Amino acid sequence: MDLATFLVQCLNAVQYGLLLFLVASGLTLIFGIMGVINLAHGSFYMLGAYLAFALAPLFGDWFVTRLAVGVLLAFAFGYLLEWVFFSFLYERDHLQQVLMTYALILVFEESRSLLVGNDVHGVAAPSWLAGGFELGGLMQYPWYRVFSSVACIVVALALYAVVNRTRLGMMIRAGASNRDMVRGLGVDIRLLYRIVFAGGVALAALAGMIAAPLSSVYPGMGGSVLIICFVVVVIGGIGSITGALVASLLVGFVDTFGKVFFAEWSGVGVYLLMAVVLVWRPEGLMKRGI
Amino acid sequence: MASDALTEGPAADVGALPDIARREAGGWRVPAAAVLAIALLPLVVSPYGIDLVLRIAVYAIFALSLELLVGAAGLVSLGHAAFLGIGAYATVLGSGDSGGSVAWLLPLAVITAAAYALFAGALSLRTRGVYFIMVTLAFSQMAYFVLHDTQVGGGSDGIFLYVKPVLQFAGTTWLDLDDRLTLYYTVLGALVATYLFLSVLLDSRFGHALAGIRVNEQRMRAAGFSTYLYKLAAFVIAGALAGVAGFLLAAKDGAVNPELLSWHESGAVLLMLILGGIGSLRGAVIGAAAFVLLKELYQSQAIVGPLADHWQMTLGLTIIVFVAVLPRGLIGLGQRLRGKAP
Amino acid sequence: MTERGTTAPDPAPLLRAVQVGRHFGGVAAVDGVSIEVRVGEIHAVIGTNGAGKSTLINLLSGEIAPSAGQVFFAGHDVTRWPQPRRARAGLGRSYQRTTIFPEFSVVENCRLAAQARTPRPWRFWQRAAADRPSLEAAARALTAAGLGAEAGQRAGTLSHGAQRQLEIAMCLANAPLALLLDEPLAGMGGEETERMLDLLGALKDDHAILLVEHDMDAVFRVADRITVMVNGQVIASDVPDRIRADPLVREAYLGEPEVLP
């Protein structure tokens, strides 16, 4: 493998890892703070992708606007969903949560089928991000992929800023370690949960929107993302955003280079990574905490 | 002497059993009657009916195997379908082009499933709670990808079982699983055997230890039990029994495909348990029947008309309502109706 | 081993911790603690909240591994032994929050604990409820703890005090050599406390008992030796009379003048 190809694969690995991070950070926040295991989280990613597809004719090249609108819609959807459905899951045991959220996936999949059908769709990248730049003479690295990575980094920094520098973030961190104390401090815990949940949905949907031009929009895309995200959360540790970042990048590299070197066995690579981490550090790479 | 009074009589018998082994309504008579009814069914029911009961019975064995993990040990596994699928694939791959004998195909299915359960269980059990759920799912995905992407299995299309397993001895064919009726009674026999085996297992010292681990693992460790080994043993036994179900499924369908290991399948079997009622062997069987029948119902154009195309929606909504309203399942409902506290 | 009826403690300690320490992140919960427990004596550990008493008990029972130091029990170096192994060697432990099995009967609670001695899990055709060795051990433990009459009851229906007694009975079901008791009197009224203290007094002849307790009256009545911990370290370890008079101890409890009887 020559240097240019290696560099491209590295860039791809980082880009994929960063997208995964967006989805996984939502999952780990929701789990860390509300204690709910949510199998339907992948469906929010799918929601984002289909939003990108649906909003494309309305906004054309105004891509960033499209993203912003999509994020707002997803946030509102998440807010409603928590209010109407998820808030009832907090007291239930894990098995019931698993089954209720599994049922939710079925409902989402069927709704998608009814609303937009089962076809595979392509979403075009905006024209101002078309093409790419030269890498090592022969290869062209797409601008859109660069945009994807940059966007994810911006979001990651914003997430870090919110969690560590704002009052909301302080309440989130406190809620993660001691729910009752936070309630005792007079914080409206239900509103906090609703915002965190909506935020998690928005993050996953944003990832889906950004990914749409790269991986096309198809039924079942939620499922594959979900399970990889579970692996990320297991490796990184529940409730840890830093852990999710490290683990996402690790998974990105294992998956990307696995495809290059191991072809058809590459799908197994990520799970082998998880198995190794389990042998070495069952509680995850990072200790619990945001 | 005081100690005699405590070891003889009712105190040592009725109250001493952990809940899962408690004598259920009607004792052994209800299951015995059910078995008799199922055995006589082929006399009155169409081939479609026989096939339906066959499907229920195979899934009942699958559900019973998971009940050992979820109901007895309190371990929620979201990757149990992997062992069903591995048992099925082992059967088909072992049969090759010319078929094989039940005498070695069944043990092959059980051993391969148990081997993967040992690997996955040894690692998964290093985690608890939600981590455990996610890790078991991941291990089943690993197996799914091996069979879906690589040439080990036939790829995403699966493989056909050209010749069904037989049991031949001293020149005569005792069992030919190609014959529908033979398969029917074999599966029924396997279901009864599985039920009896688990019943005995749950009454044993091992079973009681599992119950203790489920209720309070800390106390069990403080008493001196190496709880990890008990949980691992339960995981492997559950995997092995799922392998039996896989063998029978392959014999029934004559084909296998990777979707057998999908998480939809793992979710479905968990659903069967909660439909029937967790913590009850009967519940596992009833839940399997309820699930298969519900799915048939929702997919039947004749009964639900245009909704049949969107059966996932109806099934999803039913699950949500059911879990919200009847978290103790049909067995729990039965107890409530009979006036017993759930 | 002492003769029945004598109260002179055995000279060699059955349970011994030597300079054990445990830190979490940067904080040392326990630091350089050495402690000895002998058969025939009740050794109480007291201290204000956050003194490290729970961590110490967890280090002795094997629930967490020490960052430094060693633990010896019955002649073995058990520092690296996990809890189940120490329990099988005869180190029993009761918990501050009751860890019984509420849905099982009282006798099954003890029988299951006793089963750890003779587990034989592979003989799956034998019914647990008919297992003589564990049933007999359970009967003995229940009688010793004074719960014989409640054997057939569901454990969850017992009064709080009776549940704490059951917690002790479950430890006794394993015929332990030493007992680590974490606040056995928690939440008990006067009469129940008396019963528990009588039980402890009867047990100490044949067992080495380490007791963590907040009830100072009880501690000074029943303990043969008291160790005082502050901020993870031992500040005093002596017989009750000298502890009462120790200026360091009085200083540690400053602001709580009613505490020391």
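Source: prediction; values computed, not measured. Note on naming: letters A, B, ... go to the chains in the order of the sequence lines (proteins, then strands), and numbering restarts at 1 for each one. Computed over heavy atoms, backbone and side chain alike; hydrogens, waters and symmetry mates excluded.
The distance from the CD1 atom of A/Ile238 to the CE atom of B/Met134 is 4.0 Å, given to the nearest 0.5 Å. The distance from the CG atom of A/Leu106 to the CG atom of B/Leu315 is 6.0 Å, given to the nearest 0.5 Å. Annotation: the span from A/Phe108 atom CZ to B/Gln312 atom CD amounts to 13.5 Å, rounded to 0.5 Å. A distance of 6.5 Å separates NE2 of B/His264 from CD1 of A/Ile105, quoted to the nearest 0.5 Å. In this structure, NE2 on A/His94 lies 12.5 Å from CG on B/Leu78, to the nearest 0.5 angstrom. Taken to the nearest 0.5 Å, the CD1 atom of A/Ile227 stands 9.0 Å off from the OG atom of B/Ser262.
Looking at every heavy atom in both residues, B/Arg126 comes nearest to A/Leu278 through NE-O, 2.7 Å. Between B/Met142 and A/Leu272, the closest heavy-atom pair is CE-CD2, 3.5 Å. Residues B/Ile320 and A/Leu104 share a closest heavy-atom pair of CD1-N, 4.4 Å.
Looking at B/Val323, both its backbone and its side chain come within 4.5 Å of chain A, counting heavy atoms on both sides. Of the atoms belonging to A/Ser111, heavy atoms from both backbone and side chain fall under 4.5 Å from chain B. Proximity to chain B is limited to the side chain of A/Leu114, based on heavy atoms less than 4.5 angstrom apart. Proximity to chain B is limited to the side chain of A/Val231, based on heavy atoms less than 4.5 angstrom apart. For A/Phe88, no part lies near chain B; criterion is any non-hydrogen pair under 4.5 Å. For A/Val107, the parts lying near chain B are the backbone and the side chain together; criterion is any non-hydrogen pair under 4.5 Å. For chain B, the nearby part of A/Met274 is the side chain; its heavy atoms alone come within less than 4.5 Å. In this structure, chain A has no heavy atom under 4.5 Å from any part of B/Ala120.
The aromatic rings of B/Trp263 and A/Tyr102 sit perpendicular to each other, their planes meeting at more than 60°, with 30° as the lower class boundary.
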